[in-house]
Amino acid sequence: MTSNLPLSTGWNDASTEWTEVLRGGDRVLIRPIHRDDVDMERRFIEGLSNDARRFRFLESMNSPSEALLRQLTAINPATDIAYVAVIDQGARNHEVGVARFSAQADGKDCEFAVVVSDGWQNKGLGTHLMWHLVQAARRRGITQMYSSDARDNELMRRFAAHLRLDHMSNPQDMTQVIYSLNLADSSRQLEA
């Protein structure tokens, strides 16, 4: 993938955006999520299929609470990153994907999540979003990324295989799988 990502030490994750071309030629803008994206984030979550919402939040819901929306859009820049993929639909942007991580207290590990709306899957968007997350994690000195997902999430299983993520059963919950990526392993370069 060609990207205009600078690798300077003064990099500011919160002020960056990229345009990516997906398989099939669609263009999306990937940018940090903002506090004023609450309505867009609500529409995105409500527009996901029931399975996609269950896989993302590991519970069933029709609409996110106000508290959850604030949590998803008010990012703590010291520990969190969240990127949204948006397309222009006239008067407003339409979110088609989101990727985020939250660093643990040690600053070396982070939990990540990537969600792509049903109609935008299998176009490479999830890979682009994950690539940007990995680059942000590396800039912050994070060495391990992980995600806990439902065992029956076939889409995540295929995504993890495509990215060559390690996986294991969650020893505390056998209905979940933990996927991980060791960023310190230089042989495990992620390509978008």
Side-chain angles (χ1 to χ4, degrees), residues 3 5-18 20 28-46 48 52-59 61 63-86 93-117 125-150 153 156 159-160 163 165-166 170 176-184 188 190 192:
S3 179
L5 247 150
L7 297 176
S8 70
T9 56
W11 184 254
N12 179 354
D13 295 303
S15 64
T16 305
E17 58 183 45
W18 310 268
E20 300 288 1
V28 297
L29 176 71
I30 297 176
R31 64 162 175 80
I33 200 165
H34 304 293
R35 288 179 188 268
D36 57 351
D37 289 332
V38 169
D39 289 335
M40 184 177 72
E41 183 73 2
R42 179 192 328 277
R43 288 190 306 272
F44 173 72
I45 293 170
E46 290 173 349
L48 294 172
R53 279 193 306 272
R54 180 176 61 87
F55 290 143
R56 168 56 183 100
F57 297 104
L58 296 175
E59 65 178 65
M61 76 164 75
S63 185
S65 69
E66 290 301 316
L68 178 59
L69 287 167
R70 280 192 304 277
Q71 177 186 345
L72 294 174
T73 57
I75 302 302
N76 178 349
T79 56
D80 304 335
I81 290 285
Y83 296 126
V84 290
V86 297
N93 286 333
H94 179 72
E95 183 177 342
V96 295
V98 63
R100 62 183 65 242
F101 72 67
S102 182
Q104 301 304 309
D106 66 3
K108 297 297 179 189
D109 298 341
C110 72
E111 184 172 11
F112 75 90
V114 177
V115 182
V116 174
S117 64
L125 178 55
T127 303
H128 282 291
L129 287 165
M130 185 67 181
W131 188 87
H132 288 292
L133 276 188
V134 167
Q135 300 314 309
R138 284 190 168 129
R139 285 190 298 275
R140 289 180 177 215
I142 292 171
T143 57
Q144 185 79 17
M145 299 179 77
Y146 68 91
S147 177
S148 296
D149 294 276
N153 187 341
M156 180 58 184
F159 183 61
L163 297 177
L165 302 181
D166 295 323
N170 183 338
Q176 295 182 8
V177 176
I178 298 173
Y179 296 99
S180 62
L181 178 63
N182 180 351
L183 299 181
R188 304 285 302 276
L190 179 66

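Just so it is clear, the structure is predicted and the values come from calculations on it, not from any experiment.
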Exercise. Would you call R42-E66 a salt bridge at under 4.0 Å N-O?
Worked result: yes
Problem set entry | Atom of L48, atom of S117 and distance for their closest heavy-atom approach | CD2-CA, 3.7 Å
Problem set entry | Criterion side-chain contact (heavy atoms from CB on, under 4.5 Å) on M130 and T127, from CA distance to verdict | CA-CA 5 Å; M130 185 67 181; T127 303; 5.7 Å; no
For this session: Please lay out, stage by stage, how R56 and V98 fare under the test side-chain contact (heavy atoms from CB on, under 4.5 Å).
Result: CA-CA 11 Å; R56 168 56 183 100; V98 63; 5.7 Å; no
Exercise. Hey, which of V86, V96, N93, V84 is the one that makes side chain to side chain contact (heavy atoms under 4.5 Å, CB included) with L29?
Worked result: V86
Exercise. Closest approach of I75 and L72, non-hydrogen atoms and distance?
Worked result: CD1-O, 3.6 Å
Exercise. Okay, side chain of S147, backbone of Y179: is any donor-acceptor separation there less than 3.5 Å?
Worked result: no
Problem set entry | Distance-minimising heavy-atom pair for S180 and Q144 | CB-NE2, 3.2 Å
Problem set entry | Min side-chain heavy-atom separation V177-M156 under 4.5 Å | no
For this session: Begin from the C-alpha positions of F101 and I142 and carry the test side-chain contact (heavy atoms from CB on, under 4.5 Å) through to its verdict.
Result: CA-CA 11 Å; F101 72 67; I142 292 171; 3.6 Å; yes
Exercise. Looking at CG of L69 and CE of M40, how far apart are the two atoms once the value is rounded to the nearest 0.5 Å?
Worked result: 11.5 Å
Exercise. In Å, rounded to the nearest 0.5 Å, how long is the span from CG of N182 to CG of L165?
Worked result: 11.5 Å
For this session: Kindly give the heavy-atom pair with the smallest separation between A150 and F55, and that separation in Å.
Result: CB-CD2, 3.8 Å
For this session: Please list, chain by chain and in numerical order, all residues satisfying side chain to side chain contact (heavy atoms under 4.5 Å, CB included) with A67, sequence neighbours excluded.
Result: S65, R70
Problem set entry | R140 to P77 - nearest heavy-atom pair and separation | NH2-O, 3.0 Å
For this session: Establish, from distance only, whether the side-chain atoms of S63 and E46 form a donor-acceptor pair under 3.5 Å.
Result: yes
Exercise. Are any of the side-chain heavy atoms of I45 and R53 separated by less than 4.5 Å?
Worked result: yes
Exercise. Do I81 and R139 have side-chain heavy atoms sitting under 4.5 Å apart?
Worked result: no
Problem set entry | Interatomic distance, I178 atom CD1 to Y146 atom OH [nearest 0.5 angstrom] | 8.5 Å
For this session: Tell me, with the steps shown, if R43 and E95 meet side-chain contact (heavy atoms from CB on, under 4.5 Å).
Result: CA-CA 8 Å; R43 288 190 306 272; E95 183 177 342; over 6 Å; no
Problem set entry | Y83 vs H128 side-chain heavy atoms within contact, under 4.5 Å | no
Exercise. Rounded to the nearest 0.5 Å, how far apart are OG1 of T73 and CG of D36?
Worked result: 8.5 Å
Seminar exercise, completed: Here the pair of heavy atoms bringing L125 nearest to V116 is CD2-CG1, 3.9 Å
